[in-house]
Amino acid sequence: MKKEFKRFGLEKIGLLTIILQLIGATGLIVGLKFNSILTISSLGLALLMLSGLIVRIKLKDSLWISLPALFYMGLNTYIFWESIN
């Protein structure tokens, strides 16, 4: 992952990204009990994956390489949508 962040020109925020992903994942688990935490965590992770997808598009990565970010963005958007309804 360090090589990828260096390729993106984002090596300074790599640690922050990892921490935010761990907090978001923990929030999804805790959110199974508390809906408000699920809503916040899924929205945060969806936005994080959107930013990752934007970076991949700017670097002109293929759809195949960008697919995980797109999938997880969609999944977290779905979780967010279901948690507010």
Side-chain angles (χ1 to χ4, degrees):
M1 284 189 58
K2 284 184 178 182
K3 286 181 185 178
E4 285 292 300
F5 277 99
K6 192 168 189 153
R7 183 173 75 95
F8 300 153
L10 301 172
E11 60 268 1
K12 294 186 184 212
I13 65 166
L15 181 61
L16 175 64
T17 302
I18 293 167
I19 291 169
L20 290 174
Q21 287 177 344
L22 288 172
I23 291 171
T26 303
L28 288 179
I29 293 169
V30 172
L32 295 172
K33 183 83 170 160
F34 304 101
N35 191 54
S36 60
I37 294 175
L38 180 69
T39 303
I40 293 166
S41 296
S42 60
L43 177 62
L45 285 171
L47 292 174
L48 197 60
M49 292 298 108
L50 174 62
S51 63
L53 189 60
I54 290 169
V55 169
R56 294 247 182 226
I57 290 170
K58 284 185 177 183
L59 290 174
K60 297 181 175 29
D61 283 347
S62 70
L63 178 62
W64 186 252
I65 293 173
S66 304
L67 200 57
L70 181 63
F71 172 75
Y72 286 114
M73 182 187 71
L75 179 62
N76 280 294
T77 301
Y78 175 76
I79 293 169
F80 171 74
W81 184 256
E82 288 297 318
S83 71
I84 61 172
N85 288 329

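Atom CD1 of Ile19 sits about 4.0 Å away from atom CG of Leu15, to the nearest 0.5 Å. Between atom CD1 of residue Ile13 and atom CG of residue Leu20 there is a gap of 9.0 Å, rounded to the nearest 0.5 Å. Between the OG1 atom of Thr39 and the CG atom of Asn85 there is a distance of 10.0 Å, given to the nearest 0.5 Å. Atom CG of Leu67 is separated from atom CZ of Arg56 by 11.0 Å, given to the nearest 0.5 angstrom.
Both Phe71 and Trp64 are assigned to one and the same hydrophobic cluster, defined by single-linkage of ILVMFWY side chains at heavy-atom distances under 4.5 Å. In the hydrophobic clustering of ILVMFWY residues, with side-chain heavy atoms under 4.5 Å counting as a link, Leu28 and Ile18 come out apart. Cluster annotation: Leu32 is not connected to Leu75 through the hydrophobic network of ILVMFWY side chains, with a link wherever side-chain heavy atoms come within less than 4.5 Å. Hydrophobic clustering places Leu47 together with Ile84 (ILVMFWY residues linked when any side-chain heavy atoms are closer than 4.5 Å, directly or through intermediates). In terms of hydrophobic clustering, with Ile, Leu, Val, Met, Phe, Trp and Tyr side chains grouped at heavy-atom distances under 4.5 Å, Ile79 and Leu53 are assigned to a common cluster.
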Could you go through the side-chain contact (heavy atoms from CB on, under 4.5 Å) check for Ile54 and Lys58 one step at a time? CA-CA 6 Å; Ile54 290 169; Lys58 284 185 177 183; 4.1 Å; yes
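Smallest separation of non-hydrogen atoms from Ala46 and Thr77: CB-OG1, 3.7 Å. Counting all heavy atoms, side chain and backbone alike, Asn35 lies closest to Ser83 at ND2-O, 2.9 Å.
For Ser41 (side chain) and Leu38 (main-chain N/O), no donor-acceptor pair under 3.5 Å exists by modelled atom type. In terms of modelled atom types and a separation under 3.5 Å, the side chain of Asn76 and the main chain of Gly44 share no donor-acceptor contact.
At least one side-chain heavy atom of Gln21 sits less than 4.5 Å from a side-chain heavy atom of Thr17.
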